[in-house]
Each structure stands twice: as C-alpha cells, then as structure tokens.
Amino acid sequence: MTLYAEVILSLPVSQAFTYIVPESFIDRAQAGSRVLVPFSQRMLTGFIIGLRKRGPTPGIPLKEIAEILDDEPVFTSSFLSFSRRLSDYFYSSWGELLQASLPPSFILKSQTRLSLTEKGTAALEDITLSEKERKILSFLQKRGYSLLFLKRRLQVKGLSALLSRLEKNGLVDTRRDIKRTKKKRTPLVTGSQAQLELDFSLDTLSRQTADRISTSIQGRSFAPFFLHGPADKRESVYFQLIKKSLEMRKKVLFLLPEIGVTQALREKFEKRLGERAAMLHSRLSERKRELEWLRIKEGEADVVVGSRSALFAPLDDLGLVIVDEEQDESYYQQESPSYDARKGAWLRAKGLGATLVYGSAFPRVSAFFRARKRGYLVSLEGEKERKKVEIIDSRRERRGISRRLAVRISERLKNKESVLVFLNRRGYASYIYCPECNSVPRCTRCDIALAFHKRDKSLVCHYCDYSIPVAVYCPDCGSRMTRSRALGVEAVEEELREIFPQSRVKSLATDLSRDEQENVLGCYNRGNIDILVGTQLLARQTDLRPASLVVILFPEIILTLPDYRASERTFRVVSRMMSFLGPGPDAEAVIQTALPGHFSIRLAASSDYRSFFREELNFRRLLNYPPFSRLVEILFQGENLRNLARQSRRFMERVKRGSADVEILGPGLAPVAKVRGRARVQVILKASRKEILDNALRDLMRTAGTKKTVLVYD
DNA sequence: AGCACGCCGACT
DNA sequence: GTCGGCGTGCTC
C-alpha cells in the first residue's frame, strides 16, 4: 500500500502538497521531519505535517519524496500546531514560519548551474545570435555559473526564457544540484557548575505575587498573568518564578526586546543559572545561533533567553513563558513571515499548559484592559512616587530650548549633574525649504520630504535611505537654501552646545552604528557626558544611569502620527523618560510641548497610568477601536497605482460581499503613498471579533495577486 | 517564491 | 504583422 505525506513548503501560500513516500522511506517518514521534494523545476526543503494511506483527489499526478532529512523530527506535534495557529492568526505563511524556526543551514535547495556546451562554444563563432544570447553565451565561456549569479550579473530581462531556449537548442547545459552545507559535528559543551546565586530577596508584595504565580506553575495548566510594575520589581519576581519552574523540572522561555539582550543580561543569567541558560537573538552570528539552537534541542538549556525569534526555540517541556516589556513593538515582526511574539507566547504557553507572564510598567491599553477584565492582572505598583515635573508651553517660545529650560539645565550643569534630553526626531530637521520659492527637496522614490542631516551634510530619506549631498542653492530658483523646519536631535545638540559651550553634549540616534551607540551610552554611564540628547532609541534603553534632570521636548510629535495608538505611545515615551529620573526630591523633569493640556502628556507627567488608561479607553470605546474591536490593516504595494487601485477595490468588494459584519475603511492611499518607488494603498478592516475578520479574509488572502502586507491590531 | 501562459502596445 | 511587456495562475 502506498503511503502519502502532506508536505508544507516555505512558499507564500499556506497550502500543503501531497507526495508519495517511496517504499524505502516508509519507516523513516514522520510528521515534523524535513524532506527534500521536487517542486516544479527545483528541489525544496519541506516539512511533513501528516501521513496518510489514502491519496488525495485523483487526477493530480503525485511526485515522490526525494529524501528524508531527519531521523528524529525537527518539529514536535505541539510545535506544529502552535506554529499553525500563529500563522493563521497573522495571515502569514505556515511554511515560512516553520522555516524561520530553524537555523538557516537546515534548509537545502537546488541551485541551478549553467554551463556552455561544445555546440554552444561553436555557436559563438558562426551562428547569428541575438545580442542578448551572445551576451549570455560569451559570459559562460569562461566557466559555469549559478542562475542567481547570472541574473544579478547580466541584468538581462527575460533571462529564464532565453536560457530555456538556448538549452533546448543544446547550446547551454543546465544542472540542478542540491546545495549542501557541510555538517560539522557539534562539540557538546559541558557546563562547569558556576557558583550559583539563587538567593534573592523580595518585598512583601512581590513575594505574595511570586507565590501566587508559582502555584499556577505547580498546577501545570495554562494560566496567564500580567505583571504591572517597575522593572526592578518585575525582575525579582521573574527570577523567583524561574527558580520555581526549574524545581518542577520544567523549562523556561524568557522573551524581551532585542535592545534588552545585553552582555550584562547574559552575565546576570549565567551567575544565577550557570551554563543552563541559552541565548537566542538576531545579533548572534548564524553559526552561534545554530549552536545555541542545537544545545536547546538536545535539552541542555533549562532557560532560553532571547528576543522575538526565541519564541520558536525548540523546547516542549515548558513550565513558564515570560514576555517582559510587553509594550515594546519590536515583538511584532512586520516583514514576512509576520507574527507578534506576544500573541505567539500566549499560543505556545496555552498549547503546552505553561504559565504565561507578561510584564510592563506601561502596558498597551488593550493588553491591560484584557488582563483586568479577565482577572489576570497583577499589580506590583507600590506607593506612587510624586515626581517633580514642570511643563513649559512651547507656543510662547522662539527657540527650541526655551529660556526657562536653559536655566534649569544650567543649574544642573553647575552641580556637575547630568541631563537627559529626549526628542523624537532624527537628524537636524525634517525638511529644508527655499525661502524664495518655497520648494522642498523630496525623495525621488518615496512620497516624502528629505530630512536634513547636518552631521554628514546630506539630505536623507528616512524611508529608503536614499541620500544626496545637501544643496547650497535651490534647484528650482537658484537662490540660497538655508531654512530648515521641524528641528531634530542634531539641531538640539547644536543649540545646547551654543548655550553651554563648556559642556560635553552628545546625541544618540539610529544614524550611529551599533558600536558608536554603545560608545555614547558607555560614556554617559561613566559620567563623561553632561547632556545626552536622544530619540526613541534613548527612551528604549534598559541600563541607563539615572539623571537628575530629564527634558522631554515636543512629545506631541508622536500624537500627530496617523495611528490610533498615538496617545498611548506618547504617554509611554514620556513616562519612560521620566523613569530615568534619579531618586530624591531634587530630581526633576521638564516637558516642553505645544500641547501642554493633552491628557497623555499631562497624566504621564503625574505618573498616573490608571487615569490615562481610563481616558484612553473611553476614546477607544467611543470610536470602536481595539480592545473594543479587532482591526486588520492591509497594505497593497506595487509598481503601478492603477493596477493597485483596481486590485484593492476588487478585494474590498469581495470582503463586502463575504461578510456584513466587517467595517471597511478605504481603500485609500497609505499615509506615505510611495516607498522605494512602489505605490501603497491601504484598506482597514474592523470587526467586533477576530473570527469575523478571519472568515471574511480566509479565502481572499490567496488570490488577488499583488504583494499584500497584513497587520493585525488587537 | 519561481515560472509558464496569455493578452495588448512599439517596432525590426 | 511580430517581440515583449507584465497581469494571472499553478506548483503535489
């Protein structure tokens, strides 16, 4: 009897393909194993998700599995169902998600190699060839090349068609080989038992909290918790819980934003857990990542610490999943395969009967709402510490740094105290313009003005990184272009240098390389910088030395963004900056803003998350935004707008026909209507429940060809 | 994703 | 009249 395998491939379609399992492989074929299969002209790595004795609908001629690559499945059945649910939830491809869960060397593919035949060599001499054909053949004269290389090198349109014609005429020889990466035997790292530090003190509230969650770990069934409180308190609870889980012989997955995965963190974990901790994050080299992955798979790590992608760590005996800094948007991977590791952690913990702990000082409104409503919110907030805050109305000010602010800063500098300044705008200015004719230099590929970066005398597109030297004369009317608008961190840095020429002023933004960033932060932490100016990058830091003065400039910039979460983002960034205030009655924050009355700024200034939450929730309720609805944003991207418009409208019509319960906004141009030369059209769908959206979209995702990006907000 | 098939504009 | 552009559909 024939055995059939359902195989998932890493393609943008979430569809299984059926293959025949050859007689000789029958006892090795298992769900969760990698296979090599022929797929149209190539060989691809796929994953068996099921085996069955009956074939599918007759009529499709089936191919055979070429090779089974694993003796032991790389994926357990629970991992398969978890990843499947995740891909369903975010409308992303299951196969791509599975592929992303493995070290890259686990994926084998055929590579097409092309070489010249004798007939081909002869053809170069006499037969009349087209210009393109001659170009290809003479290029292959020296030696054979891979198809990919040829494509990149020759830049000939319709290359594959030309090549297949040449092959048919016997001028070119095509060979498809499987690219194999040599598998080195991994030396097993045997851990030396370091001196462990398993003793940590907790205050009463934290102790009670830890005990309560511990009970759930003991229960060995899924239970979620949301820890609301400051970082230090959360951390001590986490370690208590990790200890508990390890006592139960259950493993731990600890997720945190990429920015938090630091050397200091590694040392912290090693000190407390010895060699039983593994780290997974995107800054590891491919090889290091693979080694860590293998260690985890072999069961040699009890705690896996890592960023977003560590969600896919190969462990099944999980007792505890922690997602710290829950509010951090870097948990959401927007590129394909897109997924949100926060939701992923929920699905994984649920599937394995593990305890799930989210933690944040300033949670997302939706997450906080749900935790409260469903009774899994745990507050670690102690006595609210009133912080000294001054709000300066910038509408009456001329300069970026107002007089009053300058006075505040100089007081601190006199006492040799350091100052942190936040401004959410990169570069020197958002744009420059000609005072004569008002023309503004714009990106040629994106629908946006070029930002002025004075440091490297250039105009830079913040969407595609296109950059040109800054113009001295207006390209339109020839007059001198000197005006800038919407000042950024570079301008503030410059202004501060002018006002305080004796002080050491530095700025921190993503324009700096990672090394430079580390360097600036190190300098600041050692006390070698007096004033540090930074963007969101500064606000997201975890190990920053407290300052006695924190300045927050124009937080309302975030409020103007076209995002229904603008208020919570503003609240968060202001609160976050204020959390860098040192202890004591002397520490002070100054907020300089054009919207001093806005509730997100006002309530952040008074460190009142609960009131902010209430007010914001009210808006969300009135306008039917999450958590009171579920929202999906679909972004169509393509070369020509006409086609996009047609597709998006057809798409929208089909949604409308499919379900009456979906509210459709759009299609319309996306806030940035063109990026990298590709037009962007967006449609927003709203429904009371996610399942309604799922039903409406299920069949549509496959069709309507153009590239679509789907973002899920809940 | 890659690739083949099929229908409308600028040219040997 | 063809060549070739990309819009559409399929791959077990």
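What you are looking at is a predicted structure, and each value in this text was computed from that prediction instead of being measured. Below, read A as the first sequence line, B as the second, and so on, with proteins coming before strands; counting in each chain starts at 1. For the numbers below, each heavy atom of this structure counts, side chains included, while hydrogens, waters and symmetry mates do not.
Atom C1' of nucleotide B/dG2 and atom CG of A/L9 are separated by 13 Å, given to the nearest angstrom. Atoms CD (A/E64) and P (C/dC12) sit 13 Å apart, rounded to a whole Å. As rounded to whole Å, 12 Å separates atom P of C/dC12 from atom CD1 of A/I20. Straight-line distance from the OH atom of A/Y4 to the P atom of C/dC12: 16 Å, rounded to whole Å. Counting to the nearest Å, the P atom of B/dA1 and the NZ atom of A/K109 are 11 Å from each other. Atom-to-atom, CE of A/M43 to P of C/dC12 comes out at 11 Å; the value is rounded to the nearest Å. The nearest whole Å value for the distance from the CD atom in A/E6 to the C1' atom in C/dC12 is 9 Å. For the pair A/R42 CZ and C/dT11 P, the interatomic distance rounds to 13 Å; values are reported in whole Å.
Side-chain contact between A/E286 and A/S105: absent, with no pair of heavy atoms (C-beta onward) separated by less than 4.5 Å.
Within the nucleic acid shown, A/Y19 comes within 4.0 Å of sugar-phosphate atoms alone, with no base atom in reach, counting heavy atoms only. Contact annotation for A/S40: backbone-only contact, meaning every heavy-atom pair under 4.0 Å involves sugar-phosphate atoms and none involves a base.
Ring centroids of A/Y332 and A/F90 are separated by less than 6.0 Å, placing the two rings close together.
Across A/W346, A/Y331, A/F312, a single residue satisfies ring pair (Phe, Tyr, Trp, His ring centres under 6.0 Å) together with A/Y339, and that is A/F312.
Here A/Q647 does not reach the OP1 or OP2 of C/dG7: none of its side-chain N or O atoms lies under 4.0 Å away.
Neither side chain, A/D694 nor A/Y89, offers a donor N or O lying under 3.5 Å from an acceptor on the other.
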